[in-house]
Number of protein chains: 2
Amino acid sequence: MTSPNAAAQHATVRSAPKLTIRQTNEKLIMAAAEEVFAQVGFKGATTGAIARLAGVPKANLHYYFSTKAELYRRVTEDVCEHWLAAARAFDETNDPKTAIGGYIRAKMEQARRRPFGSRVWAMEILRGAPVIDGYLHNTLKTWFEGRKVKLKEWIEAGKMDPVDPQALLFMIWGTTQHYADFARQISVLNNDQSLDDAQFAQATDEVCRIILSGIGLKS
Amino acid sequence: MTSPNAAAQHATVRSAPKLTIRQTNEKLIMAAAEEVFAQVGFKGATTGAIARLAGVPKANLHYYFSTKAELYRRVTEDVCEHWLAAARAFDETNDPKTAIGGYIRAKMEQARRRPFGSRVWAMEILRGAPVIDGYLHNTLKTWFEGRKVKLKEWIEAGKMDPVDPQALLFMIWGTTQHYADFARQISVLNNDQSLDDAQFAQATDEVCRIILSGIGLKS
DNA sequence: GTCTATAACCGGATAGAC
DNA sequence: GTCTATCCGGTTATAGAC
């Protein structure tokens, strides 16, 4: 796969201190792509629209990302990475109330701060996840099984009610992501105004309270 | 626009007892459209693919539905109607546990039986709901406000915990629809098998149990 | 590394015979 | 009411000058 001295071939890479033009432009294009993909889907997005929003010529986009599909793949994978990072709050304690509550809050925070990413993810799953299929089978599945084990241990130790760990995790995902994915519907039902910070904080508290109380972890 | 005796011209229409060719073909095309739209989105769907799945020539589809957008609108509105019908279980009692539990079960049943419809709806909201905007503002908003009032009454009567009605409804929507919209992800995490009837029934029970218990309506 | 011009292709919609 | 053949507009991707 690699030559014996592959590492030596690119010794200069290690010392590159600031962002290259390439890195800057790729970030710019990916941010624009995340927004456009979220708004009109994969097929609905045109490379022209993404390039315009990013402020670069269309041919320039194709210089950095050979095809629209590859750009989409890069965006989706980047969303996945941040998703997992938010999930780590789950592991930092052995107290289920702190762990689950912290996880819910982290997911709500993510829904608030990166709604476009959540929507790209949702659309990808809705389509049957053709692009991130491998990721689902590997990274996500592993994480999921690990969490299920942990929840079962807490249940067996009597620290929380005996609920189906799977149903609990799906409820957390469905509820938290709903605030990003269905934001338009929520805004219409909120008198045509997006939830403000106070309303979102209250929603977060309520979600925590209902779920924690629902699994026997009353405040 | 019409001649004075336009009605007399088609006196036979009134007496047509069984489904006309038109009605039959429209049903066929709409069912195919629901599936294709759910799988590849509005822009990704081609009238050719819809026609092929429906078993009619493409030009025939355009004979019944002048444009792809109109076909999409018809499909989405039809989904909405069934959505509301499922919601009526909410109103048939004054006992919150029966009402909310029944509503959750009806929503889960809908997610199970008509996943494509749920996904078309989800995609439409994800895109910002350009087509069903009016429906959201009128029908859904009215229903939503009515339910909020009812929940508040139950809370004031001490029949359930004082939770934010909005957060509760969003949790029910997000959780139940997750089983239709994220079915692919769920199936991957379930060892590449869709939930079978028993698993789905158990999930329904768990969702009911956690939510009802979370708002002070323990079994 | 940037950008204009263009090639190659595809999908929605229709014309018009049956 | 059905269907084949076709037009037209729009999109991806690239060629090639700067």
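To find a chain, count down the sequence lines: A is the first, B the second, and so on, and within it residues start at 1. Just so you know, these numbers use all the heavy atoms, side chains as well, and skip hydrogens, waters and symmetry mates.
Within the nucleic acid shown, Phe65(B) has no heavy atom closer than 4.0 Å to any nucleic acid atom.
Contacts between residues 44-62 of chain A and DNA chain C, defined by a heavy-atom separation under 4.0 Å, are made by Pro57(A), Ala59(A), Asn60(A). Proximity of residues 26-39 of chain A to DNA chain D (heavy atom under 4.0 angstrom from any strand atom) is not detected for any residue.
Residues satisfying the ring-ring contact (aromatic ring centres under 6.0 Å, His included) test with Phe200(A), not counting sequence neighbours, are Tyr179(A). When the side chain to side chain contact (heavy atoms under 4.5 Å, CB included) test is applied to Thr46(B), the partners found at least two apart in sequence or on another chain are Ala49(B). Among residues two or more places apart in sequence or in another chain, the side chain to side chain contact (heavy atoms under 4.5 Å, CB included) test is passed with Thr24(B) by Leu19(B). Scanning for ring-ring contact (aromatic ring centres under 6.0 Å, His included) contacts around Tyr103(B) gives Phe90(B), Trp143(B), with sequence neighbours left out. The side-chain hydrogen bond (donor to acceptor under 3.5 Å, both in side chains) test applied to Asn60(A) returns no partner, not counting sequence neighbours. In this view, Arg113(A) and Glu109(A) satisfy the side chain to side chain contact (heavy atoms under 4.5 Å, CB included) rule, not counting sequence neighbours.
For residues 175-184 of chain B, the pairs satisfying salt bridge (Lys or Arg N to Asp or Glu O under 4.0 Å) are Asp133(A)-Arg184(B), with sequence neighbours left out. Screening residues 117-139 of chain B for ring pair (Phe, Tyr, Trp, His ring centres under 6.0 Å), with sequence neighbours left out, gives Trp83(B)-Trp121(B).
Reading DNA chain C from its 5' end, the first and the last nucleotide to sit under 4.0 Å from a heavy atom of chain A are dG1(C) to dT4(C).
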With a 3.5 Å cut-off and sequence neighbours excluded, list the donor-acceptor pairs that the side chains of residues 26-37 of chain A form with protein atoms.
| from | atom 1 | to | atom 2 | distance (Å) |
| --- | --- | --- | --- | --- |
| Glu26(A) | OE1 | Arg74(A) | NH2 | 3.4 |
| Glu26(A) | OE2 | Arg22(A) | NH1 | 3.0 |
| Glu34(A) | OE1 | Arg114(A) | NH2 | 2.8 |
| Glu34(A) | OE2 | Arg114(A) | NE | 3.1 |
| Glu34(A) | OE2 | Gly117(A) | N | 3.1 |

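Ring planes of Phe182(A) and His178(A): parallel class, angle under 30° (limits at 30 and 60°).
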